[in-house]
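Remarks on the structure that follows.
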Amino acid sequence: MKKMKKTIIASMSMLVFLTLLGGCANTSQGEVPSIDYNSTETDTQMVEAQDETNINVKDEQGRTAFIDEKLDENLFISAELKMPENNLYEYVTQLKSFDYDIVQEAIGQNTEGNFVADDGSDKFKGGSLTYQRNDMANHLDTYCSYAREMGLTDDRDLSFMSQEDAVARLQIFIGMLGVGGELEALDVVAMNQLDFENVKKAIMEDSDYQFLSAKGYGSDTFKEDMEVYRIIFRMNVNGIPVYRNEPNLRQTSERFLAYPVTVTALISNNGIEMISMMGMFEPYEEHQKEAIIIGEDGIKEAIMKRFGDVILTSEFRAKNIWMEYFPLLREDSFTEMELIPVWCVDFEVDGQSIEDSRYSIRFNAITGEEIS
């Protein structure tokens, strides 16, 4: 068995990377983001006029409510609120420290590949670990990503393994590494040799991707029996998703708030081609501190507190509310964290779609305090 190479990346490099991933620029408590309404790249979608009186329809069994209300001048809420059905808890944990020998054993037959970690010891700290069987792994990931974006693949099982079995195998693999939370597959791309050839041709003809020619994509070849799944996972805690680096996260303080929890894996008929994990945390005790979650009134109060001292010249309408766990780094630490439940609120601004307005706020679901 060939010995694996270890590439060392400094911890600060990871922090710089996370800064780039941080989403929109910092927004102070009293500011409203400036939006270029004349941009030709923005698709403005008009929102139907709605009654400004309260309309609350509650289902006690499902603990859901639809809120349609004017909170203040130019401030509205028109969204469904789903309260969690189970008791929630706050957890204290830290970023995962991977054991080199355990990872090597879990990889199995492909241990000639390259590891990328954030320190030089046999305990990979910082919650980040990337394995690539060879230099082709990045290319395969790009092809799968492009195929998904452009709709160039079908949702199907490959001959060497079903999607369900591929997901299960990778869940077992990551479980061997001893990470916290429960993995759930969000997206699966299935590609064979013909798919790769077609996607490669499409990329080479796409003017936006011409730069990949210089990176050797044009000379890639694929074995006739080659089959690959690319699987993107999210991490859940108590059945609630953990923050995954949504693009509209706003930092509200000088310190780093969270390491996004992301897992991307490629598995082929030759074994694991690539595994990339960021923000992995250590297992936590089953129950730590029970969390009493604010509901409809608390969310409205938090929104009002956020915008209460602001004269809104644009119409802000909360359209999407969901709950997630947020890995909040402790003060003066880059590894110790608390997993806390938060309410996430997406806003439409002047009738723009949520995707176009890209304005979202996260509130601590226990205290109502704005987090990001």
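Every heavy atom of this structure was used, including side-chain atoms; hydrogens, water molecules and symmetry mates were not.
Counting heavy atoms from C-beta on, the side chains of Ile303 and Phe363 come closer than 4.5 Å. When side chains are defined from C-beta on, Thr262 does not count as touching Ser276, because their heavy atoms never get closer than 4.5 Å. Residues Leu183 and Met235 meet the side-chain proximity criterion, which asks for heavy atoms closer than 4.5 Å. Residues Leu75 and Leu312 meet the side-chain proximity criterion, which asks for heavy atoms closer than 4.5 Å. Arg306 places none of its side-chain heavy atoms less than 4.5 Å from the side chain of Val345.
At distances below 3.5 Å, not a single donor-acceptor pair connects side-chain atoms of Gln94 with backbone N or O atoms of Glu282. When atom types are taken as modelled, the side chain of Tyr143 and the backbone of Asp195 share no donor-acceptor pair closer than 3.5 angstrom. One N or O on the side chain of Gln288 and one on the backbone of Val92 form a donor-acceptor pair closer than 3.5 Å. A donor-acceptor distance shorter than 3.5 angstrom exists from the side chain of Asn134 to the backbone of Met136, with no hydrogens or angles considered. Within the 3.5 Å criterion, the main-chain N or O of Ile294 finds a donor-acceptor partner in the side chain of Trp343. In this structure a side-chain-to-backbone donor-acceptor pair under 3.5 Å is present from Arg148 to Val188. For Asn364 (side chain) and Val342 (main-chain N/O), no donor-acceptor pair under 3.5 Å exists by modelled atom type.
The distance from atom CE of Met277 to atom CZ of Phe98, rounded to the nearest 0.5 Å, is 4.0 Å. Between atom CG of residue Asn198 and atom CD of residue Gln193 there is a gap of 9.0 Å, rounded to the nearest 0.5 Å.
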Could you go through the side chain to side chain contact (heavy atoms under 4.5 Å, CB included) check for Met150 and Val199 one step at a time?
CA-CA 9 Å; Met150 300 300 179; Val199 171; over 6 Å; no
Would Asn270 and Met226 count as a side chain to side chain contact (heavy atoms under 4.5 Å, CB included) if you check the C-alpha gap in whole Å, the side-chain angles of each, and the deciding distance to 0.1 Å?
CA-CA 8 Å; Asn270 289 321; Met226 185 177 191; 6.0 Å; no
Test Leu177 against Ile102 for side chain to side chain contact (heavy atoms under 4.5 Å, CB included), laying out the working first.
CA-CA 7 Å; Leu177 306 183; Ile102 292 177; 4.3 Å; yes
If you apply the rule side chain to side chain contact (heavy atoms under 4.5 Å, CB included), what do you find for Lys319 with Asp346, and how did you get there?
CA-CA 6 Å; Lys319 292 289 290 185; Asp346 277 338; 5.8 Å; no
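In this structure, Gln132 and Ala137 approach most closely via the heavy-atom pair CB-CB, 4.0 Å. Residue Leu339 comes nearest to Phe281 through the heavy atom pair CD1-CE1, 3.8 Å, listed as atom of the first residue, atom of the second, then distance. Nearest heavy-atom pair across Ser268 and Phe160 is O-CE1, 3.3 Å. Considering all non-hydrogen atoms of both residues, Ser213 and Met204 come closest at OG-SD, 3.5 Å.
Partner of Tyr146 under the side-chain hydrogen bond (donor to acceptor under 3.5 Å, both in side chains) criterion, out of Thr153, Asp141, Asp206: Asp206 alone.
For Glu80, the salt bridge (Lys or Arg N to Asp or Glu O under 4.0 Å) partners are Lys82, not counting sequence neighbours. Residues meeting the side-chain contact (heavy atoms from CB on, under 4.5 Å) test with Asn236, sequence neighbours left out: Glu182, Glu184, Arg234, Pro241.
Using a 4.0 Å cut-off between a side-chain N of Lys or Arg and a carboxylate O of Asp or Glu, Arg244 and Glu324 do not qualify as a salt bridge. The existence of a salt bridge linking Lys200 and Asp220 is excluded, since no basic side-chain nitrogen approaches an acidic carboxylate oxygen closer than 4.0 Å. A salt bridge links Glu296 with Lys300: the distance from a Lys NZ or Arg NE/NH1/NH2 to an Asp or Glu carboxylate oxygen falls below 4.0 Å.
Relative orientation of the Tyr91 and Tyr284 rings is tilted, given thresholds of 30° and 60° on the angle between their planes.
Ring pair Phe173/Tyr131: centre-to-centre distance not below 6.0 Å.
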